[in-house]
Amino acid sequence: RGGSIAQILAVELEGVTACWGFGAPTVGNRKFRRTYFVPTFLFRNDGDYIPFLPPWWWGYVRTTTLHQLNGHGHDMGEYLEETAKRAGYG
C-alpha cells in the first residue's frame, strides 16, 4: 500500500520532486496518468504479482515504467543509485 499511497500523495502535496515505490499496485486510470507529472520509479521483484493489480481491463494504468529487480548479480543499492543518477537525482 505504501507505494500506491505515495503516488497519490505525490500529486496532492506541494514540493514533491520524485516518488519511489516497491511492489506497489497500479493506482489510477488514464485521466490520472495524464495529470501525473512527478518523476516516479516503480520496482518489482520476480514473482511479485501485486504491481499488476488491479487488472488493466478494469481501466487501471501505470503512471510510469515498472522496473524489474531479479536478484541476479544486482546489488539493489547500486542499481537504485544508477537509476537515480540517470534520472538526474543524486
Side-chain angles (χ1 to χ4, degrees):
R1 289 188 315 229
S4 57
I5 293 170
Q7 290 177 73
I8 294 168
L9 288 177
V11 172
E12 296 296 322
L13 299 175
E14 289 185 29
V16 176
T17 60
C19 180
W20 296 73
F22 297 87
T26 306
V27 175
N29 58 17
R30 291 179 196 278
K31 182 178 179 183
F32 180 79
R33 184 172 63 187
R34 282 194 301 270
T35 62
Y36 192 88
F37 299 107
V38 178
T40 300
F41 307 93
L42 299 177
F43 299 88
R44 72 178 280 270
N45 287 315
D46 276 343
D48 185 2
Y49 63 89
I50 296 299
F52 300 105
L53 296 176
W56 62 268
W57 60 85
W58 287 1
Y60 286 82
V61 295
R62 244 185 290 291
T63 55
T64 188
T65 302
L66 183 62
H67 300 278
Q68 176 78 28
L69 296 174
N70 61 16
H72 297 290
H74 285 139
D75 174 38
M76 191 166 168
E78 288 179 14
Y79 180 76
L80 296 177
E81 187 175 325
E82 289 172 17
T83 304
K85 284 181 182 178
R86 282 195 304 268
Y89 295 92

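Values reported hereafter were calculated over all heavy atoms of this structure, with side chains retained and with hydrogens, waters and symmetry mates removed.
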Find the distance between [atom1] ([X]) and [atom2] ([Y]) and round it off to the nearest 0.5 Å.
X: F22; Y: F41; atom1: CZ; atom2: CZ; result: 11.0 Å
X: N29; Y: R34; atom1: CG; atom2: CZ; result: 8.0 Å
X: F52; Y: R44; atom1: CZ; atom2: CZ; result: 4.0 Å
X: F37; Y: T35; atom1: CZ; atom2: OG1; result: 6.5 Å
X: I8; Y: L13; atom1: CD1; atom2: CG; result: 11.5 Å
X: S4; Y: L53; atom1: OG; atom2: CG; result: 11.5 Å

T17 and V38 have their tightest heavy-atom pair at C-CG1, 4.4 Å

Over all atoms of both residues, closest heavy-atom pair of Q7 and P25 | NE2-O, 4.2 Å

Criterion side chain to side chain contact (heavy atoms under 4.5 Å, CB included) on R62 and L42, from CA distance to verdict = CA-CA 9 Å; R62 244 185 290 291; L42 299 177; 4.3 Å; yes

Are more than 12 heavy atoms from other residues, nucleotides or ligands located less than 6.0 Å from atom OH of Y60?
-> no

Taking it one step at a time, do F43 and L66 satisfy side chain to side chain contact (heavy atoms under 4.5 Å, CB included)?
-> CA-CA 6 Å; F43 299 88; L66 183 62; 5.9 Å; no

Decide whether V61 and Y36 are clustered together by the hydrophobic rule: side chain heavy atoms of Ile, Leu, Val, Met, Phe, Trp, Tyr closer than 4.5 Å, transitively.
-> no

Report the C-alpha distance between F32 and T63 in whole Å, list the side-chain angles of each, state the deciding distance to 0.1 Å, and finish with yes or no for side chain to side chain contact (heavy atoms under 4.5 Å, CB included).
-> CA-CA 8 Å; F32 180 79; T63 55; 3.6 Å; yes

